[in-house]
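Note sheet for the following structure.
Because the structure is a prediction, the values reported are computed rather than measured.
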Amino acid sequence: MTADRPNVLFVVLDTVRKDRLSVYGHDRPTSPTLESFAEEARRYEHAVAPAPWTLPVHASMFTGLYPSEHGATQENPYLEGAPTLAASLSAAGYDTCCYSSNAWITPYTHLTDGFDDQDTFFKAMPGDLLSGPLARGWKFLNDHETVRGLADRIVALGNAVHERLAAGSGEDSKTPAIVDRTIDFVERSDDFFAFINLMDAHLPYHPPQEYVDEFAPGVDSETDVCQNSKAYNIGATTIDDEEWTDIRGLYDAEIRHMDAELSRLFTALQEADKWEDTMVVICADHGEMLGEHDLFGHEFNVYDPLVNVPLLVKHPEMEPGHDETTQVELLDLYHTILDATGVDPIGKSLDDRRSLLSPAYRDVGADATPGVDPGETAFVEYHRPVVELNQLESIAADAGIALDRESRWYSRMRAARRPDAKVISNEHIDDEAYRLDRDPGETENVAGDGDDAVAAVETALAEFETAFSDGWEVTGDADDPLEDMDEETVDRLRDLGYVE
């Protein structure tokens, strides 16, 4: 270990929105560990996720690419052909690990590629099915519309397992086991890149009882609150103000649980005398809608509660404090970690204009192209929500509700954001624009009002779409994928009941 080759601990607090953290001003003590951590870290007010859900965000953080570049979206739910940060660090001699209970961070999506040691902790299927024949079959299932439903069933099964394991007042939270495994890993390694994703703040909310007692006293998470975001979103159920208070209390309790587990991890690093030599990155991959815009969960929108995420970074070259002006994109973390470790990447080259450690951060050339030259604008993409749509349509059918195909449920979305203004381009509904400096809640749509700041962001989004857009083209084709599958793959899918 040398000063110019630090260890790296990269923590994603899955589904944690910024304004529910006390380190960002929430009036309930949800994150005392992060408050202490912030005394030696840089805390960013304007960090932007490139998408509002797990798969494309992690793919962007691991590759330094936007979703339209790396292609890992719900229309194509696996990362293919883009070498990961972990692969580069492993090739350079780092010990690398990935521990998570998120169903998307698995071998069959290729997000774990490059990690020497990985464990999903919760399995949508037995571990040996997540690689080999099924991993190859996953690509076929998602490339072809005729059998796309088979892949959706895999994810639906994973969701069902997660909901079952997450029930029981937090007894089955995987976070303590993930932290235990991480502590063991970092204590045994002299040069490590440890990545962990903690899922407690993801629906359904069933926090440990000690935190329920503190943040949602008297609330039974099994019976007292709606935990079905899609049923709420389509109007199959309602949530009153009192119930929203209880839901937010449970959500806060989940965050407090994760914060306590981070304290254990940080203490272990300090006791092992590795804290000072470790770069620590903590962020959320996306947030959660808790009633804003009459939405619950993290689908079907790109509003700021989802994409303006918390980010804290500890590194000797970064002055601690609260950065309230610099806009950061999460895909910049790829470049920042490469810069910090001095590793030559296997994949996308290091761009010092995207490294938070570089004096040239966010510099642009005279002929800058948004998204290529970072500049002051961040970009968000939300491709067609295939899995969520299938689940939404099933719930709607059971409730006798007809979904409007010209609605946000069926719409792809893109957004461009600056700290002062934001523009959202929608496929099936009216476009939106907001002056975030005056209207941080995005309540007044000023699209078409001739606002100068909005116009500048609109121009940036148009240039971004020219550079990276797929033009909303439908993916997949109608060919029969089974005729191209190898016999082993077909047999495995047949054993699982996915094909006849």
Considering residues at least two apart in sequence or located in another chain, which fulfil the salt bridge (Lys or Arg N to Asp or Glu O under 4.0 Å) criterion with [X]?
X	value
Glu432	none
Arg418	Glu376, Asp420
Arg43	none
Asp14	none

Between [X] and [Y], is there a donor-acceptor pair closer than 3.5 Å when you use the side chain of the first and the backbone of the second?
X	Y	answer
His293	Leu295	no
Thr33	Asp259	yes
Ser411	His428	yes
Glu45	Glu324	no
Asn228	Ala231	yes

Listed by chain and number, what are the side-chain contact (heavy atoms from CB on, under 4.5 Å) partners of [X], not counting sequence neighbours?
X	value
Ala416	Thr377, Phe379, Val457, Leu461
Gln327	His46, Val48, Ala378, Arg417, Pro419
Asp404	Glu406, Ser407
Asp351	His335, Arg353, Arg354

Restricting to non-hydrogen atoms, name the atom on [X] and the atom on [Y] that form the minimum distance, rounded to 0.1 Å.
X	Y	answer
Ile234	Leu392	CG2-CD1, 3.4 Å
Gly297	Leu203	CA-CD1, 4.5 Å
Ser355	Asp339	OG-OD2, 2.6 Å

Inset, instruction - Applying side-chain hydrogen bond (donor to acceptor under 3.5 Å, both in side chains), name anything that partners Ser31, two or more places apart in sequence or on another chain. - result: Ser22

Inset, instruction - Name all residues meeting the side-chain hydrogen bond (donor to acceptor under 3.5 Å, both in side chains) criterion together with Arg20; count only those two or more places apart in sequence or in a different chain, and write none if there are none. - result: Asp252

Taking the side chain as everything from C-beta on, heavy atoms only, tell me whether [X] gets closer than 4.5 Å to [Y].
X	Y	answer
Thr106	Leu111	no
Phe296	Ile239	yes
Glu465	Arg414	yes

Inset, instruction - State yes or no: are the ring centers of Tyr251 and Phe215 separated by less than 6.0 Å? - result: no

Legend entry - Check: Tyr78 ring centroid to Trp104 ring centroid under 6.0 Å: no

Inset, instruction - Identify which one of Glu292, Glu254, Glu288 satisfies the salt bridge (Lys or Arg N to Asp or Glu O under 4.0 Å) criterion when paired with Arg17. - result: Glu292

Inset, instruction - Please work out whether the ring planes of Phe266 and Trp275 are parallel, tilted or perpendicular, with thresholds of 30° and 60°. - result: tilted

For a quick test of your reading: what N or O donor-acceptor pairs under 3.5 Å do the side chains of residues 278-287 make, sequence neighbours left out?
unit_1, atom_1, unit_2, atom_2, d
Thr278, OG1, Lys274, O, 2.6
Asp285, OD1, Thr15, N, 3.2
Asp285, OD2, Thr54, OG1, 3.0

Regarding [X] and [Y], is there a side-chain donor-to-acceptor distance under 3.5 Å anywhere?
X	Y	value
His58	Asn197	yes
His70	Thr63	no
Thr443	Asp439	yes
His257	Thr175	no

Legend entry - Atom CG of Asp344: over 12 foreign heavy atoms under 6.0 Å: no

Legend entry - Neighbour count above 12 (heavy atom, 6.0 Å) for Asp240 CG: yes

Inset, instruction - Any pair with a residue in residues 401-421 that passes ring pair (Phe, Tyr, Trp, His ring centres under 6.0 Å), sequence neighbours left out, goes on the list, sorted by first then second residue, please. - result: Phe300-Trp409

Legend entry - salt bridge (Lys or Arg N to Asp or Glu O under 4.0 Å) between Glu299 and Lys230, intermediate numbers included: CA-CA 9 Å; Glu299 304 103 2; Lys230 295 177 181 64; 3.3 Å; yes

Inset, instruction - Could you give me the CA-CA distance, side-chain angles and deciding distance for Phe464 and Tyr66, then say whether ring pair (Phe, Tyr, Trp, His ring centres under 6.0 Å) is met? - result: CA-CA 10 Å; Phe464 175 83; Tyr66 287 106; 5.0 Å; yes

Inset, instruction - Look at Asp437 together with Lys422 and state whether they make a salt bridge at an N to O cut-off of under 4.0 Å. - result: no

Legend entry - Qualifying residue, where the test is ring pair (Phe, Tyr, Trp, His ring centres under 6.0 Å) with Phe10 and the options are Tyr99, Tyr334, Phe195: Phe195

